[in-house]
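The structure under discussion appears below in the form of structure tokens.
Every chain is numbered from 1, with letters handed out A, B, ... down the list of sequences.
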Amino acid sequence: TMLSVITTDALVQSHVWRKMVQIAVNRSFNQITVDGDTSTNDTVIALASGLSGSTRISSTNCYEAIQLQTCLDAVMQGLAKAIAWDGEGATCLIEVMVAGAGSETEAAKIARSVASSSLVKAAVYGRDPNWGRIAAAAGYAGISFHPNKLRISLGDILLMDSGQPLPFDRAAASNFLRKAGETHGTVGIHISVGDGSGSAQAWGCDLSYDYVKINAEYTT
Amino acid sequence: VSLSTSESSNYIPAAPILLPQGPWKQIPGGVTAAEGFRAAGIYGGLRAKGEKPDLALVTCDVDATSAGAFTTNVVAAAPVVYCKKSLDVSETARAVLINAGQANAATGVAGYQDVIECANTAAKLLHMKPEDVLVESTGVIGQRIKKEALLNSLPRLVTSLSPSTEGADSAAVAITTTDLVSKSVAVESQVGGTTVRIGGMAKGSGMIHPNMA
């Protein structure tokens, strides 16, 4: 289960605040995954006191609303990433960044599909730079893109470009994953699927033996 | 059992918060960083094991504009159903009461009555309307809240409320279950030429694949 409480002293009208919160949730908490199980209790409550002395925000399109939205996105993304980092049994955070999609929504679906893949998660735990599993998870996300436009990088290491696998330093790529695991760091997976302007991120964690151990012992 | 809020934050370390880059500055305080908010986290005897804090309360000194996002799981927990109804009838709220230990999910009518009783009692102690108090629960699915323990702890929880960073930190610890770290963050930024603060806390480690609306 994930729970969150968000507070701000911004002055914002109810309908605007509710819209902004859902947008931020979609860009943060709804883009994380640890084990693919959706809880019965997931909740975010966001309260705005209005005590900052700022002018009232009454439209989602005004400059002040855009400023507040970016801050709200940042706070929720910071918390969401902390949840994925702390995933049961995890040794590292996986950050999937997708660009070139037709829209933010499409990019988000592809990113979360990759972050959710048990095979990708297990490969990261096994320190295996398995671009094939990443490509497959992007491909079954339900978003159409041309396979010849697919580009995949693991950190700074380019593994696939224009849909073609590239020769790469397997040992260096594996070491990159190993180091992230040893330091509980971050594994960045960069994916481009075309020339569109849609981009989005998703976050997950690797899948270790400890996940099974924890959930075999903790009843739900 | 008595445990102060300052001791509560020592139970588990704080998570590294990986804030994106932007026109904001990270500041201390979590949910209490913004003007008008207080928080507390105490051990109320709800957990099956250990004495880590398990009850948290966040309050606002004024009517706060409220928003929520909730699981789209059809089998929604009683506090989720309660909060959705509350937000449907009111655009403001003043408090969020959170317990760890029992999820109060799949607990039927009795579980829902527990939420109402907890919210009403908290509202009375806080001198608020019952609909001003929202509720979140986490823990074992299928178990009702240890209501007597919660109700007995509420007076101490209310008197522990603080606008300090310690208050926010203790609340962030109290909502954790299998988490190895607590999650709390706050930022300060300019919005329309005025300094605005946004803070938050979260919990989560397993059973994580949110689809909230």
B:Ser137 vs A:Asn41, test: side-chain contact (heavy atoms from CB on, under 4.5 Å). Steps then yes/no.
CA-CA 7 Å; B:Ser137 295; A:Asn41 289 61; 4.0 Å; yes

Between B:Val31 and A:Val5, is the side-chain contact (heavy atoms from CB on, under 4.5 Å) condition met? List the steps.
CA-CA 7 Å; B:Val31 288; A:Val5 177; 4.3 Å; yes

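Chain A forms the most heavy-atom pairs under 4.5 Å with one residue out of B:Asp63, B:Thr32, B:Val96, and that residue is B:Val96. Contact count versus chain A (heavy atoms, under 4.5 Å) is highest, among B:Ala76, B:Ala15, B:Pro20, for B:Pro20. Counting heavy-atom pairs closer than 4.5 Å to chain A, the top residue among B:Pro16, B:Ser184, B:Ala171, B:Ala33 is B:Pro16. Listed options B:Ser205, B:Gly36, B:Ala78, B:Ser66 were ranked by heavy-atom pairs under 4.5 angstrom with chain A; first place goes to B:Ser205. The greatest number of non-hydrogen atom pairs below 4.5 Å with chain A, out of B:Asn104, B:Thr72, B:Leu87, is found for B:Leu87.
Within the 4.5 Å cutoff, the side chain of B:Trp24 has no heavy atoms near those of the A:Val75 side chain. Annotation: side chain of B:Phe70 is in contact with side chain of A:Ile45 (closest heavy-atom distance under 4.5 Å). Within the 4.5 Å cutoff, no side-chain heavy atoms of A:Asp42 are placed close to those of B:Met207. A 4.5 Å side-chain heavy-atom check between A:Val44 and B:Met212 finds at least one atom pair inside the cut-off. In this structure the side chain of B:Thr71 never reaches within 4.5 angstrom of the side chain of A:Thr43, judged on heavy atoms. When side chains are defined from C-beta on, B:Val75 counts as touching A:Thr40, because their heavy atoms get closer than 4.5 Å.
B:Ile98 touches chain A through its side chain: at least one heavy atom from C-beta onward sits under 4.5 Å away, while N, CA, C and O do not. For B:Val58, the part sitting under 4.5 Å from any heavy atom of chain A is the side chain, from C-beta outward, and nothing else. Using a 4.5 Å cut-off between heavy atoms, A:Leu93 contacts chain B through its side chain alone, with no backbone atom that close. If you measure heavy-atom distances from B:Thr59 to chain A, you find no contacts under 4.5 Å at all.
Formation of a donor-acceptor pair under 3.5 Å by the A:Asp86 side chain with backbone atoms of B:Leu180 is found in this model. Of the possible polar contacts, none joining the A:Asp37 side chain to the B:Ile208 backbone as a donor-acceptor pair under 3.5 Å is found.
Distance CG/B:Asn211 to OG/A:Ser39: 11.5 Å, rounded to 0.5 Å. Between atom CD of residue A:Gln13 and atom OG1 of residue B:Thr65 there is a gap of 8.5 Å, rounded to the nearest 0.5 Å.
Taking every heavy atom of both residues into account, A:Asp35 and B:Gly206 meet most closely at OD2-C, 3.6 Å. A:Leu47 and B:Ala64 get closest at one heavy-atom pair: CB-CB, 3.8 Å.
Using modelled atom types, one finds no donor on one side chain facing an acceptor on the other under 3.5 Å when comparing A:Ser49 with B:Glu35. A:Thr38 and B:His209 form no side-chain donor-acceptor contact under 3.5 Å, judged by distance and modelled atom types alone.
Residues of residues 112-119 of chain B never come closer than 4.5 Å to chain A when only heavy atoms are counted. Of residues 77-85 of chain A, those residues lying under 4.5 Å from chain B by any heavy-atom pair are A:Gln77, A:Gly78, A:Leu79, A:Lys81, A:Ala82, A:Ile83, A:Trp85. Proximity to chain B among residues 14-23 of chain A is limited to A:Ser14, A:Trp17, A:Arg18, A:Val21, A:Gln22, judged by heavy-atom separations below 4.5 angstrom. Listed in order of number, the residues of residues 187-200 of chain B that approach chain A to under 4.5 Å between heavy atoms are B:Val187, B:Ser189, B:Gln190, B:Val191, B:Gly192, B:Thr194, B:Thr195, B:Val196, B:Arg197, B:Ile198, B:Gly199, B:Gly200.
Around atom OH of A:Tyr140, more than 12 heavy atoms belonging to other residues, nucleotides or ligands sit under 6.0 Å away. Within a 6.0 Å sphere centred on NZ of B:Lys146, other residues, nucleotides and ligands contribute more than 12 heavy atoms.
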